[in-house]
Asks: 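Provided herewith is a single structure, encoded as structure tokens, for subsequent inquiry.
Below, chain A is the first sequence line, B the second, and so on; all start at residue 1. Quick caveat, the model's predicted, so the values are computed rather than measured.
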Amino acid sequence: MPELPEVETIKRELEKKIVGERIKEVIINLPKPIKRPAPAELKKRLTNKKIKGVKRRGKYIILEIEGENFLFIHLKLTGQLIVEKENGPIEKHAHIIFRFASGKDLRFIDLRRFGTMNLVDRMEKFSTYNELGFDPLDSSFNLEKFKEILDKRPTKIKQLLMNQSLIAGIGNIYAAEALFRAGISPLRPAKRLKDSEIKKLLEALKGILKEAIRYKGSSVDNYVTTDGEEGDYEDKLLIYGRDKKNCPKCGSRLESIKLGGRGTNYCPKCQR
DNA sequence: AGTCGCCTGGTA
DNA sequence: TACCAGGCGACT
């Protein structure tokens, strides 16, 4: 499940591996991920173009391609972006392949087919881009801004953390981890958090995201880096996925509930 | 704010 | 063999 740390890891690797490469062919084995334009049009616009840069916004990877082309890629739950030699065996779910003049491929692989691609000629033309909230690691995202976001919102804090239009990049894993580290119950209405708790949560959030990036993300589900390697942060997760287990801090039994349709674990003793 | 649908593979 | 996971958009 790629969230901010996983997407950031992929972004940094792609920056090193594919900037400057020229696309000689776009192979579409499954058109479904291509939302717009029509697959044939996308092919036409990208063929024989150079990759100029790679950006990340929330959980989106953005490839900047010669000729005013911005390709927004969302990996959703099981998407992978792998760079490898073009003559290697084609993976079972390799839906879209960008074949470079150098003999390398960038392959978009997605078991569950939820991932998406949108090609636009200006960043702002991708409507979702304009609706994304703060990047939690950006220096402009400080205590004051975080307080403003929580202020007056009755939403449960975990759901607020995962609302991409407020803060962009946090998903189920890191929301749960940050709340555990900060000792805050996922059920607390956002507006009821005390200043001291908001401070703690912000520090936990930034800290965990940075650590996870250092470990190249968590390989929950089938996330891998652009080498096809797993991340190493999965072993550091203290609360996510620990259904029916005991709290790593106090030893009491963890609570497993559904929140906004998503599985949520927390320790009722350590998280208030 | 809650629910559904999109998907496949692992698990009860 | 039925069910569940889950980001996000669409819908209510």
Asks: Assign Tyr240(A) to base, sugar-phosphate, or nothing according to its heavy-atom contacts below 4.0 angstrom with the strands shown.
Replies: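 Contact class for Tyr240(A): sugar-phosphate only.
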
Asks: Calculate the interatomic distance between Ile167(A) atom CD1 and dG7(C) atom P; express it in whole Å.
Replies: 15 Å

Asks: Base contacts versus sugar-phosphate-only contacts with protein, heavy atoms under 4.0 Å: please encode nucleotides 6-12 of chain B as B, S and - from 5' to 3'.
Replies: BBBS---

Asks: Would you please name every residue forming a side-chain hydrogen bond (donor to acceptor under 3.5 Å, both in side chains) with Arg242(A), sequence neighbours left out?
Replies: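 Here no residue qualifies.
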
Asks: Could you state the atom-to-atom distance from CZ of Arg57(A) to P of dC8(C) in whole Å?
Replies: 13 Å

Asks: Which heavy atom of Lys24(A) sits nearest a heavy atom of Thr47(A), and at what distance?
Replies: O-CG2, 3.6 Å

Asks: When the C1' atoms of the five terminal pairs at each end define the local axes, what inter-axis angle does the helix from dA1(B)-dT12(C) to dA12(B)-dT1(C) show, to 10 degrees?
Replies: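 Computed from the C1' atoms at both ends, the axes differ by 60°.
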
Asks: Expressed in angstrom and rounded to an integer, what is the separation of Leu161(A) atom CG from dC8(C) atom P?
Replies: 14 Å

Asks: Would you say that Thr225(A) contacts Ile10(A) through its side chain, given a criterion of any heavy-atom pair below 4.5 Å between the two side chains?
Replies: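 Side-chain contact under 4.5 Å: no.
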
Asks: Return no unless some side-chain N or O of Gln164(A) is found under 4.0 Å from OP1 or OP2 of dC8(C).
Replies: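 Affirmative; the distance criterion is met.
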
Asks: Looking only at the aromatic ring of each residue, does the gap between the centers of Phe141(A) and Phe146(A) stay below 6.0 angstrom?
Replies: yes

Asks: Please check the phosphate of dG7(C) (OP1 and OP2 only) for any side-chain N or O of His74(A) closer than 4.0 Å.
Replies: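 Looking at the OP1 and OP2 atoms of dG7(C), neither is under 4.0 Å from any side-chain N or O of His74(A).
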
Asks: Is Thr78(A) touching bases, backbone alone, or none of the nucleic acid, heavy atoms closer than 4.0 Å?
Replies: nothing

Asks: Quickly work out the Lys258(A) NZ to dC3(C) C1' distance and round it to whole Å.
Replies: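 Going from NZ in Lys258(A) over to C1' in dC3(C) covers 11 Å.
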
Asks: Report the distance from atom CD1 of Ile61(A) to atom P of dG7(C), rounded to the nearest whole Å.
Replies: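 So the two atoms are 17 Å apart, to the nearest Å.
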
Asks: Between Lys52(A) and Phe70(A), is NZ or CZ placed under 6.0 angstrom from the six-membered ring centre and within 45° of the ring axis?
Replies: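 Cation-pi check for Lys52(A) and Phe70(A): fails.
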
Asks: Hey, what's the ring geometry for Tyr60(A) with Phe126(A), parallel, tilted or perpendicular (30° and 60° as the breaks)?
Replies: perpendicular

Asks: Rounded to whole angstrom units, what separation is found between the CG atom of Asn163(A) and the C1' atom of dG2(B)?
Replies: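 Taking CG of Asn163(A) and C1' of dG2(B), I get 14 Å after rounding.
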
Asks: Is it true that atom NZ of Lys200(A) has more than 12 heavy atoms of other residues, nucleotides or ligands lying nearer than 6.0 Å?
Replies: no

Asks: Applying a 4.0 Å non-hydrogen cut-off, can you work out what Gly263(A) is touching in the nucleic acid: base, sugar-phosphate, or nothing?
Replies: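 Touches sugar-phosphate only.
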
Asks: Should the heavy atoms of other residues, nucleotides or ligands under 6.0 Å from NZ of Lys44(A) be counted, would the total exceed 12?
Replies: no

Asks: Between Met162(A) (CE) and dA5(C) (C1'), how many Å, whole number?
Replies: 13 Å

Asks: Could you report the tightest heavy-atom contact between Glu13(A) and Asp227(A), atom names first, then the distance?
Replies: OE1-N, 4.0 Å

Asks: Looking for any heavy atom pair under 4.0 Å, which part of the strands does Thr116(A) touch: base, sugar-phosphate only, or nothing?
Replies: nothing

Asks: Would you kindly give the CG-to-C1' distance between Leu75(A) and dC8(C), to the nearest whole Å?
Replies: 14 Å

